[in-house]
> 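Input: one structure, supplied below.
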Amino acid sequence: MKRIILMVIRCLPFVPYWFYKLERLGRSDKFDEETRYEFVHKMTTHINRVGRVVIESDGQENLPEKNGYIMFPNHQGLYDVLAFLECHKRPFSVVAKQEVKNVILLKQVFRVLRAQMIDREDVRQGLKVIKKMTEEVLQGRNYIIFAEGTRSKKGNEIGEFKAGSFKSAMNAKCPIVPVALLDSFVPFDENSIRKTTVQVHFLEPIYYEEYQGMKSKEIAKMVEDRIREAIKGYQEHN
């Protein structure tokens with residue numbers, strides 16, 4: 001909470017402009033995705049800096065050369081997407097829970113990113129989101145979806161990856177990019193404003209040829225295991 005307050009205080013002079021710009025970018029179709037994303041990227045980078053959060057990332061070379069892939073990170077907390085918005089250079093969108101769709105500024109950012117809001121209690125609505133996401137990935141959009149469904153609340157431990165999260169990738173036959181997040185829970189979950197570092201590790205992509213013929217549960221387990229092993233390795237190395 002202290003860090004959120006710090007970010008709000010230090011960003012207060014910029015909020016009116018950001019709000020105006022986000023509203024303009026989000027409500028108009030005349031701006032291309034690169035233009036919309038670039039503004040959110042710059043805004044987020046500033047927020048992270050004044051909030052005393054450093055983003056360290058590697059594995060950018062693992063990202064597929066062509067757009068139209070889905071990233072599956074472990075889910076540590078409310079801060080996760082902010083880390084990606086700074087270190088992922090290409091535009092992406094996100095599948096976010098319905099509960100945050102009306103939070104001020106978040107609402108505008110999600111509109112700019114053309115995010116998909118999912119109701120975890122409504123199976124039919126969830127299937128529509130999966131279908132829409134599949135269509136957009138086939139058109140060349142990149143996405144992030146948190147396969148745990150909810151944040152782990154156990155620090156760098158990860159929970160079980162849900163099979164349904166992988167239906168879009170299977171339907172689109174697109175590359176799956178496992179991503180290992182470390183210490184992304186610290187900025188918002190720990191009541192501190194000390195300078196902290198969040199790690200984002202893009203692992204080797206899994207192309208359709210590798211997971212073709214596998215069941216969604218098997219794919220979910222494979223991705224979960226790769227991220228779990230990566231986190232273990234980074235922790236042992238440090």
Side-chain angles (χ1 to χ4, degrees), residues 55-85 87-88 90 92-97 116 118 120 123 126-127 129-130 133-134 137 142-187 189 197-238:
I55 310 298
E56 290 184 354
S57 70
D58 60 26
Q60 306 278 356
E61 70 280 1
N62 289 326
L63 293 171
E65 292 183 8
K66 293 183 178 180
N67 289 324
Y69 52 85
I70 303 177
M71 294 173 280
F72 290 87
N74 52 309
H75 194 11
Q76 294 198 329
L78 298 172
Y79 185 80
D80 296 352
V81 174
L82 288 175
F84 278 97
L85 285 169
C87 70
H88 192 275
R90 280 184 267 171
F92 70 86
S93 191
V94 62
V95 176
K97 60 184 180 180
Q116 300 293 326
I118 192 165
R120 293 176 293 184
V123 176
L127 290 174
V129 169
I130 294 296
M133 186 177 164
T134 301
V137 170
N142 307 315
Y143 263 90
I144 285 178
I145 185 167
F146 295 99
E148 288 164 277
T150 187
R151 56 195 178 120
S152 67
K153 299 181 182 179
K154 294 182 179 179
N156 287 320
E157 286 187 41
I158 70 174
E160 179 184 355
F161 278 30
K162 306 296 189 296
S165 304
F166 292 86
K167 292 294 186 181
S168 283
M170 296 171 71
N171 293 339
K173 301 179 181 180
C174 71
I176 291 170
V177 183
V179 188
L181 287 175
L182 283 86
D183 297 332
S184 187
F185 65 94
V186 174
D189 287 6
T197 299
V198 172
Q199 299 178 48
V200 183
H201 303 281
F202 298 96
L203 309 183
E204 290 188 9
I206 304 168
Y207 289 94
Y208 179 66
E209 291 73 21
E210 185 175 347
Y211 67 81
Q212 183 180 9
M214 295 176 65
K215 296 179 180 179
S216 57
K217 285 186 177 180
E218 295 172 330
I219 299 171
K221 185 67 166 60
M222 176 174 62
V223 174
E224 177 190 326
D225 287 346
R226 292 191 185 189
I227 295 175
R228 194 183 301 277
E229 284 301 308
I231 289 174
K232 182 180 177 181
Y234 290 121
Q235 288 177 319
E236 290 175 351
H237 180 73
N238 294 328

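All of these numbers come straight from a predicted model, not from anything done at the bench.
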> Just by distance, do the side chain of Asp80 and the backbone of Gly77 share a donor-acceptor pair under 3.5 Å?
yes
> To the nearest 0.5 angstrom, please state how far the CE atom of Met133 sits from the OG atom of Ser165.
8.5 Å
> Measure the CG-NE2 distance between Leu63 and His88 for me, rounded to the nearest 0.5 Å.
4.5 Å
> Just so I know, are the side chains of Leu182 and Ile231 near enough to count as touching, which here means a heavy-atom distance under 4.5 Å?
yes
> In this structure, are over 12 heavy atoms from other groups packed under 6.0 Å from Lys173 atom NZ?
no
> Who are the ring-ring contact (aromatic ring centres under 6.0 Å, His included) partners of Phe166, not counting sequence neighbours?
Phe72
> After noting the C-alpha distance and the side-chain angles of Val179 and Val200, does the key distance pass the side-chain contact (heavy atoms from CB on, under 4.5 Å) rule?
CA-CA 7 Å; Val179 188; Val200 183; 3.7 Å; yes
> Mind checking what makes salt bridge (charged side-chain N to carboxylate O under 4.0 Å, His left out) contact with Asp183, not counting sequence neighbours?
none
> Just so I know, are the side chains of Glu148 and Phe161 near enough to count as touching, which here means a heavy-atom distance under 4.5 Å?
yes
> If I compare all heavy atoms of Ile227 with all of Pro178, which pair ends up nearest, and what's the gap?
CG1-CB, 3.9 Å
> Test Tyr79 against Leu181 for side-chain contact (heavy atoms from CB on, under 4.5 Å), laying out the working first.
CA-CA 11 Å; Tyr79 185 80; Leu181 287 175; over 6 Å; no
> Roughly how far apart are His75 NE2 and Ser184 OG, rounded to 0.5 Å?
9.0 Å
> Could you measure the distance from the CD atom of Glu56 to the NE2 atom of His201? Nearest 0.5 Å is fine.
8.0 Å
> I need the Asn67 CG to Cys174 SG distance, nearest 0.5 Å.
11.5 Å
> Report the residues that fulfil salt bridge (charged side-chain N to carboxylate O under 4.0 Å, His left out) with Asp225, sequence neighbours left out, ordered by chain and then residue number.
Lys221
> For Asn62, what residues pass the side-chain hydrogen bond (donor to acceptor under 3.5 Å, both in side chains) criterion, not counting sequence neighbours?
none
> Report, as yes or no, whether the 6.0 Å neighbourhood of atom CD on Glu61 holds more than 12 heavy atoms from other residues, nucleotides or ligands.
yes
> Among all residues two or more places apart in sequence or in another chain, which pass the side-chain contact (heavy atoms from CB on, under 4.5 Å) test with Val129?
Val95, Gln116, Ile118, Gln125
> Rounded to the nearest 0.5 Å, what separation is found between the CD atom of Gln199 and the CG atom of Asn156?
8.0 Å
> According to the interplanar angle, ranging from 0 to 90°, do the rings of Phe92 and Phe84 count as parallel (below 30°), tilted (30 to 60°) or perpendicular (above 60°)?
perpendicular
> Partners of Asn74 by side-chain hydrogen bond (donor to acceptor under 3.5 Å, both in side chains), sequence neighbours excluded?
none
> Show me the pairs that pass side chain to side chain donor-acceptor pair (under 3.5 Å) and involve residues 207-219, at least two apart or across chains.
Glu210-Arg226
> Kindly give the heavy-atom pair with the smallest separation between Asn142 and Gly68, and that separation in Å.
OD1-N, 2.6 Å
> Applying salt bridge (charged side-chain N to carboxylate O under 4.0 Å, His left out), can you list everything that pairs with Arg90, at least two apart in sequence or on another chain?
none
> With Gln60, which residues qualify under side-chain hydrogen bond (donor to acceptor under 3.5 Å, both in side chains), at least two apart?
Ser57
> Go through the structure and list residues passing ring-ring contact (aromatic ring centres under 6.0 Å, His included) with Tyr69, not counting sequence neighbours.
none
> If the condition is side-chain hydrogen bond (donor to acceptor under 3.5 Å, both in side chains), which residues does Ser168 pass it with, not counting sequence neighbours?
Thr134
> Quick one: does Ile145's side chain get under 4.5 Å of Ile70's, heavy atoms only?
yes
